[in-house]
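So the structure is just underneath, and the comments pick up after that.
Atoms considered below: every heavy atom in the structure, side chains included; atoms not considered: hydrogens, waters and symmetry mates. We name chains A, B, ... by the order of the sequence lines, and we start the count at 1 in each one.
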Protein chains: 2
Amino acid sequence: MAATLKDVAKKVGIHPATVSRALNPNTAHLVNAATVIKVRKAAAALNYVPNPMAAGLRTSRSHTIGVVIPDLNNPVFPGMVRGIQDTLSRTGYTPLLVNTDNDPESEAHVIAALSARRVDGFILATARRDHPLLVELSEKFPIVLINRVSESVQLPSVSADDLHGIRLAVEHLYGLGHRSIAHIAGPAWSSSGHERSQAFSKAMRDHDLVPARRPVAVTAWSIESAREAALRLLNDDPTLTAIVAANDQIALGAIAAAKSMKRRCPRDLSVVGYNDMPLMDLVDPPLTTVRVPQHDIGAESARLMLSLLVEEGSTPIKQVRLTPELIIRSSTAPPRSAS
Amino acid sequence: MAATLKDVAKKVGIHPATVSRALNPNTAHLVNAATVIKVRKAAAALNYVPNPMAAGLRTSRSHTIGVVIPDLNNPVFPGMVRGIQDTLSRTGYTPLLVNTDNDPESEAHVIAALSARRVDGFILATARRDHPLLVELSEKFPIVLINRVSESVQLPSVSADDLHGIRLAVEHLYGLGHRSIAHIAGPAWSSSGHERSQAFSKAMRDHDLVPARRPVAVTAWSIESAREAALRLLNDDPTLTAIVAANDQIALGAIAAAKSMKRRCPRDLSVVGYNDMPLMDLVDPPLTTVRVPQHDIGAESARLMLSLLVEEGSTPIKQVRLTPELIIRSSTAPPRSAS
DNA sequence: CCTGTTATCGCAATCGATTGCAATAGGTGG
DNA sequence: CCACCTATTGCAATCGATTGCGATAACAGG
């Protein structure tokens with residue numbers, strides 16, 4: 001059905017190998033400029049499109065990148081995925097997207113499936129603090145981590161500067177007059193959760209504040225889990241006036257928990273989120289949050305991956321940090337005692 | 001590096017062709033049961049994974065499905081995409097996901113790119129009422145439409161039963177006492193927008209109500225565009241007490257418009273959305289909306305595609321309609337005159 | 001005029017799996 | 001005991017693009 005190299009060659013009256021070289025920018029200089037023109041014209045006329053399977057078989061490169069995310073339904077990720085898609089597709093690469101639902105077993109499955117597909121590399125948003133699968137995978141494939149970094153192994157990564165982002169949140173609350181500020185951390189296994197938690201402690205120390213006695217963490221990145229954690233936290237320390245949440249859904253859960261305890265946000269409790277995912281300007285109350293450049297993170301990770309693919313191995317490992325930005329809305333206000 | 005058929009064959013001491021047959025469920029019956037066992041064991045021992053490019057080259061099937069959606073950032077779509085992914089991956093197929101940003105030109109590009117990748121079929125969420133590209137594409141590929149149906153050409157599709165869904169919305173408002181109900185329709189080119197608009201007119205007639213004098217439609221599926229349309233509508237007809245929106249973002253835009261005119265929802269204006277995308281329970285006010293089974297739509301479309309792929313052409317065109325459900329939250333209330 | 005380049009292109013092998021066809025062996029019925 | 005059938009396996013071509021190597025010709029320098 002579709003035209004092949006041979007068809008183009010026959011039309012021009014030359015050998016398929018020459019056509020191949022003429023059409024490939026890297027080898028076009030090996031063939032007479034005049035015939036390159038003719039080949040291009042014939043290829044266009046025949047509507048020739050190279051067969052990626054044939055090329056891939058020969059070169060053992062699929063021009064395909066596995067993109068592994070926890071869950072596409074989590075609104076943080078579509079932005080990053082778009083960033084990846086947009087920049088990968090511009091260079092002839094195609095992302096293969098899979099979900100893990102934060103389940104390590106499921107992750108192993110999907111990664112095996114992608115390996116079977118012979119992807120050229122992986123972009124992973126699922127790094128855990130302790131991640132054995134990651135180290136063995138990194139020996140076989142180029143890998144770029146997004147949104148999270150791993151402690152098990154040093155790898156190229158792209159993520160927001162959480163130290164800075166969390167500091168923005170703390171300073172905002174401090175500036176409003178809050179002194180009793182707590183953090184609801186992400187799951188213990190999560191690297192981003194851990195990092196933001198550390199960042200919170202540091203920012204608090206820098207303002208001579210002490211975090212809540214007992215640190216609180218959710219068990220999953222979900223609103224429901226956050227609600228429970230927030231309930232514990234608010235019961236533990238009734239003097240609390242502000243919460244820095246490890247991400248937006250945790251903030252949402254905290255607000256819901258406060259509401260169920262008849263504490264209104266922001267009158268009785270200020271809450272700052274993290275990520276600024278879509279619709280955070282329309283929830284009740286509109287969420288003050290730290291915006292991380294989701295699309296940019298994806299785009300940058302794709303660029304990093306592409307550079308990994310051309311340069312053979314021996315480049316220094318690059319860890320990119322993108323600067324987040326505080327978006328002030330209506331979930332934060334001065335504490336009541338100060339008003 | 002990776003083991004090939006030949007490696008397995010050598011280990012067992014037989015010909016690669018026999019190994020191929022032994023490993024393929026469709027041809028395994030041609031091979032002695034005992035050697036099938038041996039082959040399986042050897043393959044497992046060598047960690048053999050078939051090379052999809054080699055197989056694809058020979059069979060000219062990539063086991064890959066192009067999934068074309070307008071924009072992954074629109075929260076309606078991730079659910080459907082998950083549905084597609086979940087059921088496709090279970091059968092060894094891989095979705096290739098692309099975005100069009102509702103731009104026909106961009107759509108042509110991404111579809112060309114997917115064709116170049118030799119996808120086995122397309123699942124499209126971008127059908128327009130008038131869609132020339134669709135008819136020529138449908139001659140070369142199996143196609144399943146989701147969420148929208150096209151009038152240009154009869155194709156297999158999976159979507160919500162909009163007639164029923166819109167009726168639920170109208171009946172809900174009618175039951176609350178509303179009589180002056182308007183519809184904000186989707187873009188004119190959109191098939192789902194048109195369909196819901198028709199459904200609205202019918203539901204209104206069935207209740208002996210007349211829609212607003214001048215029908216209003218957005219120019220894009222966006223909150224911003226909806227805000228403008230709603231402003232026009234509310235100025236046009238101040239007696240209006242309720243709006244049925246063609247989707248959730250339009251509902252959100254309508255609520256915002258009302259707010260800017262000092263009309264509060266639901267006290268002064270009731271609004272019903274459509275789709276029930278994520279977070280609609282947390283916006284202000286929590287949105288009454290018609291829930292369409294997003295994951296199911298995706299899953300069903302994938303199943304339909306798979307059936308298209310096995311049965312050679314001559315099956316009757318199947319158009320699946322999934323039943324939506326009304327989710328009553330807080331954006332609807334009895335009209336003020338009735339209270 | 002001869003040798004050494006350089007530019008251009010053809011040849012043929014190769015990637016790994018699939019599959020029509022042929023070949024072999026063992027078995028059956030007459 | 002023979003013709004024939006079936007079960008099982010091997011052979012080799014094939015899918016389409018890539019690429020190392022060799023061939024040819026033109027051309028320059030000596």
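Listed by chain and residue number, R321(A) satisfy the side-chain hydrogen bond (donor to acceptor under 3.5 Å, both in side chains) test with S159(A) (two or more places apart in sequence, or in another chain). Applying the side-chain hydrogen bond (donor to acceptor under 3.5 Å, both in side chains) rule to N73(A) yields no partners; only residues at least two apart in sequence or on another chain are considered. Contacts of S192(A) classified as side-chain hydrogen bond (donor to acceptor under 3.5 Å, both in side chains), with partners at least two apart in sequence or in another chain: S190(A). For N99(A), the side-chain contact (heavy atoms from CB on, under 4.5 Å) partners two or more places apart in sequence, or in a different chain, are I69(A), D71(A), L72(A), R82(B), Q85(B).
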Going by atom type alone, with no hydrogens or angles, which donor-acceptor pairs under 3.5 Å involve a side-chain atom of residues 293-300 of chain A and a protein atom two or more places apart or on another chain?
residue : atom : partner : partner atom : Å
H295(A) : NE2  : D86(A)  : OD2          : 2.9
E300(A) : OE1  : R303(A) : NE           : 3.2
E300(A) : OE1  : R303(A) : NH2          : 3.1

Name every donor-acceptor pair, under 3.5 Å, that has one atom in a side chain of residues 10-20 of chain A and the other anywhere in the protein, sequence neighbours excluded.
residue : atom : partner : partner atom : Å
H15(A)  : ND1  : A17(A)  : N            : 3.0

Distance-only check: which donor-acceptor pairs under 3.5 Å involve side-chain atoms of residues 109-128 of chain B, not counting sequence neighbours?
residue : atom : partner : partner atom : Å
S115(B) : OG   : I111(B) : O            : 2.8
R117(B) : NE   : T94(A)  : OG1          : 2.7
R117(B) : NH1  : S62(A)  : O            : 3.1
R117(B) : NH2  : H63(A)  : O            : 2.4
R117(B) : NH2  : G92(A)  : O            : 3.3
R117(B) : NH2  : T94(A)  : OG1          : 3.2
R118(B) : NH1  : A116(B) : O            : 3.4
R118(B) : NH2  : V49(A)  : O            : 3.4
D120(B) : OD1  : S62(B)  : N            : 3.0
D120(B) : OD1  : S62(B)  : OG           : 3.4
D120(B) : OD2  : S62(B)  : N            : 3.4
D120(B) : OD2  : H63(B)  : N            : 2.7
T126(B) : OG1  : E107(B) : OE2          : 2.7
R128(B) : NH2  : N102(B) : O            : 2.8

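Atom-to-atom, CG of L57(B) to C1' of dA13(D) comes out at 13 Å; the value is rounded to the nearest Å. One atom, NZ of K6(B), and another, P of dG10(D), lie 15 Å apart when rounded to the nearest Å. Following rounding to the nearest Å, L23(B) (CG) and dT19(C) (C1') show an atom-to-atom distance of 16 Å. If you measure from atom CG of N24(B) to atom C1' of dG16(C), you get 15 Å, rounded to the nearest angstrom. As rounded to whole Å, 13 Å separates atom P of dG10(D) from atom CG of L5(B).
As judged by a 4.0 angstrom heavy-atom cut-off over every strand, A17(B) is placed among the base-contacting residues.
Listed in residue order, the members of residues 26-39 of chain B having a heavy atom less than 4.0 Å from DNA chain C come to none. Of the residues in residues 8-15 of chain A, those placing a heavy atom less than 4.0 Å from an atom of DNA chain C are I14(A), H15(A), in numerical order.
The side chain of T18(A) contributes an N or O atom lying less than 4.0 Å from OP1 or OP2 of dG10(C).
Applying the side chain to side chain contact (heavy atoms under 4.5 Å, CB included) test between L155(B) and each of I317(B), L134(B), L137(B) identifies L134(B) as the sole match.
Residue M53(B) is the one, among R21(B) and M53(B), whose nearest nucleotide of DNA chain C lies closer to the 5' end (criterion: closest heavy atom).
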